[in-house]
Number of protein chains: 2
Amino acid sequence: MRVSPVVPGGLEGHPGLNSVPSQAAPGVRTRSQHQRRKRIVQAAAALASRGGVEAMQMRTVAERAGVALGTLYRYFPSKMDLVVAVVGEEIDLLESSIERRPPNAATPAGRAVDVLMRATRGLMREPELADALIRSLIITEVDTPFGDRMAGLLLRAAVPGLTAATATEEQFALTGSLSSVWVYELLEMLRGRRTYEQTQRRIEIAADRLLAEF
Amino acid sequence: MRVSPVVPGGLEGHPGLNSVPSQAAPGVRTRSQHQRRKRIVQAAAALASRGGVEAMQMRTVAERAGVALGTLYRYFPSKMDLVVAVVGEEIDLLESSIERRPPNAATPAGRAVDVLMRATRGLMREPELADALIRSLIITEVDTPFGDRMAGLLLRAAVPGLTAATATEEQFALTGSLSSVWVYELLEMLRGRRTYEQTQRRIEIAADRLLAEF
DNA sequence: ACCGAAATTAGAACGGATTCTAATCTCTGT
DNA sequence: ACAGAGATTAGAATCCGTTCTAATTTCGGT
C-alpha cells in the first residue's frame with residue numbers, strides 16, 4: 001500500500017487527507033470542485049453501505065459520481081483516501097449528534113460509554129459500511145485523524161470543557177486506550193463474535209477502569 | 001474479502017484456520033502434507049520478513065515452496081489464511097519464550113506489561129513482517145484466534161495458573177482490552193507515530209488501570 | 001476574444017490475487 | 001497389478017486497483 005503523495009495545493013480538510021486537486025491559488029477550492037468532491041464521497045458511501053468496500057469499486061464510484069476514473073484518482077489518490085473521507089463524514093455526524101444532545105450520565109466513564117455506544121449504534125445502522133470502513137482505517141498508511149479524533153471526543157465527553165490541549169498526557173492516553181478498545185470490540189461485533197450487549201458490557205468494564213479517576 | 005470456506009475434513013490446528021486439504025479420513029494429515037504446509041508457511045514468512053505482505057506474493061510463495069499456485073490455494077484458500085498461519089507461528093514463539101522465562105514483575109499489571117513489551121520487541125525485530133501481519137490480521141474476516149490467544153497469555157502472566165476457563169468473564173474482558181490497546185499502540189509505533197518508550201508508557205498506563213484489582 | 005495551464009475524459013494497459021482448466025500423478029483398496 | 005479418487009501441476013483467464021496516454025474542455029489573465 002502506498003502513502004498518498006501530498007497534493008501540491010492541498011492544505012486544509014481533516015489533517016492527513018490530501019484530496020483537493022492543486023490549483024493556481026493554493027488552498028482555494030472552487031464551488032464546483034467542492035461539489036464534485038462531495039458527489040464522489042456520497043457515491044462511495046452509498047455503494048459501500050450496500051456491499052462494503054468490495055462494492056465500492058473505483059470504476060463504479062467514478063461512474064456513479066459522473067466523473068472519469070482519472071478524475072476520481074485526482075481527488076482521491078487511492079481507494080483508501082476515499083474511505084478515509086467517507087469515515088470522516090461519519091465522525092462529523094457523530095460529533096454534531098453529541099453537540100445536539102450531550103451525554104448526561106453521572107460519571108466520566110458513564111458519559112464516555114454513552115458516546116461510544118451512540119457511535120456504535122450509528123455505525124451498526126450500516127454494518128457493511130461500518131465494517132469496511134473501520135477495517136480499512138486501521139490498516140491504512142494514510143495518516144488518519146481517526147484515533148485522535150475519537151480520543152478527543154471521549155475527552156470532552158468525560159470532562160466537559162477539556163480538550164486535547166488542556167488534558168494531561170495521561171488523560172489523553174487513557175481516552176486513547178478506551179477508543180482502541182472500542183474499535184476492537186466493534187470489529188468483533190461486526191465479525192459476529194459479540195452481541196451488542198456483550199460489546200456494551202465490555203466497553204463499560206474497560207471504561208470504568210480506565211476513566212475511574214478522571 | 002471472502003470468508004474462507006470450511007474445508008471438508010479440516011478440524012484441527014488453531015481454531016479458525018482452514019488450511020488442511022480434505023481427506024478421505026477426516027482430520028487426518030499425512031506427513032508429506034504436513035511438511036508441504038510447513039514449507040509453504042516458511043517460504044511465506046521468509047518473503048514477508050523482507051518486504052512485508054507486498055513481497056509475499058502468492059506466485060512467489062508457491063515458487064519458493066516448490067508447489068503449484070493451485071496447490072498453494074488448496075492449502076490456504078486466500079492470502080489472508082496464509083498470513084494468519086504465519087502469525088500463528090510468531091505467537092507460538094512468544095508463548096514458548098514466556099514458558100522458558102516467565103515474567104517476574106511484582107504486580108499482575110507489571111507482568112502483563114512485561115509480556116506485551118517482550119512481544120513488541122520480538123515483532124520489532126522484523127518490522128516489515130510485524131506491520132504487515134498485524135494489519136492483515138485486523139482486517140481479515142478469517143476467524144483468527146489472535147485476540148483470544150493474546151488475552152489468554154496475559155491472563156496467565158497476570159495470575160499464574162489462571163486460564164481462559166477459570167477466569168471470570170470480567171478478567172477475560174480486561175485482558176482482552178489490554179491486548180487491543182497493545183495492538184493499537186503497536187500499529188501506531190509501526191506507523192512512526194510513537195517511539196518505543198511512548199508505546200511502553202501508554203501500555204503501562206492502561207495496564208495499571210485495567211489490571212489494578214487482579 | 002485569445003492563450004496557456006490545469007482539469008477532465010475515455011479508454012487502454014499493468015500488476016497481483018484469485019479462479020479455472022485440462023492433463024498428469026499418487027495413492028488406497030481390492 | 002488395476003481402477004478410481006483425490007492431489008498436483010502448468011498455465012490461461014478473470015477481476016479490480018492503479019497508472020498511463022492522448023485528446024478535449026474549462027478558465028483566469030490579458
Side-chain angles (χ1 to χ4, degrees), chain A residues 1-5 7-10 19-26 28-37 39-40 44 47-48 51-63 65-83 132 136 139-142, chain B residues 1-5 7-10 19-26 28-37 39-40 44 47-48 51-63 65-83 132 136 139-142:
Chain A
M1 191 174 300
R2 235 153 293 77
V3 176
S4 4
V7 172
S19 37
V20 178
S22 54
Q23 277 286 293
V28 169
R29 180 198 286 174
T30 70
R31 172 162 315 277
S32 72
Q33 275 182 342
H34 189 268
Q35 297 197 325
R36 194 180 293 257
R37 197 191 120 88
R39 275 223 316 289
I40 292 176
L47 284 168
V53 258
E54 318 204 345
M56 174 178 146
Q57 298 182 2
M58 296 304 265
R59 285 178 231 270
T60 319
V61 171
E63 197 178 307
V67 142
L69 187 56
T71 305
L72 171 52
Y73 271 94
R74 157 171 277 278
Y75 279 78
F76 300 95
S78 79
K79 184 169 179 173
M80 193 56 63
D81 291 80
L82 185 47
V83 168
S136 309
I139 25 165
T140 185
E141 279 169 22
V142 174
Chain B
M1 191 173 298
R2 238 152 293 77
V3 175
S4 1
V7 172
S19 38
V20 179
S22 55
Q23 277 286 292
V28 170
R29 181 198 283 175
T30 69
R31 172 163 314 279
S32 73
Q33 276 182 339
H34 189 268
Q35 297 198 325
R36 193 179 293 255
R37 198 191 119 88
R39 273 223 318 288
I40 293 175
L47 285 167
V53 259
E54 317 205 344
M56 174 178 146
Q57 299 182 1
M58 295 304 263
R59 283 180 230 271
T60 319
V61 171
E63 198 179 306
V67 298
L69 187 56
T71 304
L72 171 52
Y73 270 94
R74 155 170 281 278
Y75 281 78
F76 300 94
S78 79
K79 184 170 178 172
M80 193 57 63
D81 290 81
L82 184 48
V83 169
S136 309
I139 17 167
T140 186
E141 280 168 20
V142 174

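Protein chains get the first letters and strands the later ones, always in sequence-line order, with residue 1 at the start of each.
- Regarding contacts with the backbone of C:dA7, every side-chain N or O of A:Thr71 stays at 4.0 angstrom or more from both OP1 and OP2.
- In this entry the distance linking CZ of A:Arg74 with C1' of C:dA7 reads 6 Å, nearest Å.
- Close to C:dT8, at under 4.0 Å from its OP1 or OP2, lies a side-chain N or O of A:Arg36.
- Note: NZ (A:Lys79) to P (D:dC16) measures 9 Å, nearest angstrom.
- Taking all atoms of both residues into account, the shortest heavy-atom contact from B:Ile40 to B:Phe76 is CG2-CE1, 3.5 Å.
- Here the P atom of nucleotide D:dT9 and the CD1 atom of B:Ile40 are 9 Å apart, to the nearest Å.
- B:Tyr75 has a side-chain polar atom (N or O) that falls below the 4.0 Å cut-off from OP1 or OP2 of D:dT8.
- Rounded to an integer number of Å, the gap from A:Arg59 CZ to C:dC14 P is 14 Å.
- Across its full length, the helix from C:dA1-D:dT30 to C:dT30-D:dA1 shows an angle of 20° between the axes of its 5 terminal pairs at either end, rounded to 10 degrees.
- For the pair B:Glu63 CD and D:dT9 P, the computed distance is 13 Å after rounding to whole Å.
- When the side-chain nitrogen and oxygen atoms of A:Tyr73 are compared with OP1 and OP2 of D:dC20, none of them lie within a distance under 4.0 Å.
- One atom, CG of B:Leu82, and another, C1' of C:dG16, lie 15 Å apart when rounded to the nearest Å.
- Annotation: the span from A:Leu47 atom CG to A:Glu63 atom CD amounts to 9.5 Å, rounded to 0.5 Å.
- Considering only heavy atoms from C-beta on, A:Met58 comes within 4.5 Å of A:Leu82 through its side chain.
- Put simply, CE on A:Met56 is 21 Å from P on D:dC15, counting in whole angstrom units.
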Q: For side chain to side chain contact (heavy atoms under 4.5 Å, CB included), just list the numbers for A:Thr71 and A:Arg36, CA-CA rounded to whole Å, side-chain angles, deciding distance to a tenth of an Å, and then say yes or no.
A: CA-CA 10 Å; A:Thr71 305; A:Arg36 194 180 293 257; 4.2 Å; yes

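- The interatomic distance linking B:Gln57 (CD) with C:dC14 (P) rounds to 17 Å, in whole Å.
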**Q.** Test side chain to side chain contact (heavy atoms under 4.5 Å, CB included) applied to B:Lys79 and B:Val61, step by step
**A.** CA-CA 10 Å; B:Lys79 184 170 178 172; B:Val61 171; over 6 Å; no

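- Across all non-hydrogen atoms, the minimal contact from B:Ala48 to B:Met56 is CB-SD, 3.8 Å.
- For the pair B:Leu69 and A:Gly70, nearest-nucleotide mapping onto DNA chain C gives the more 5' position to A:Gly70.
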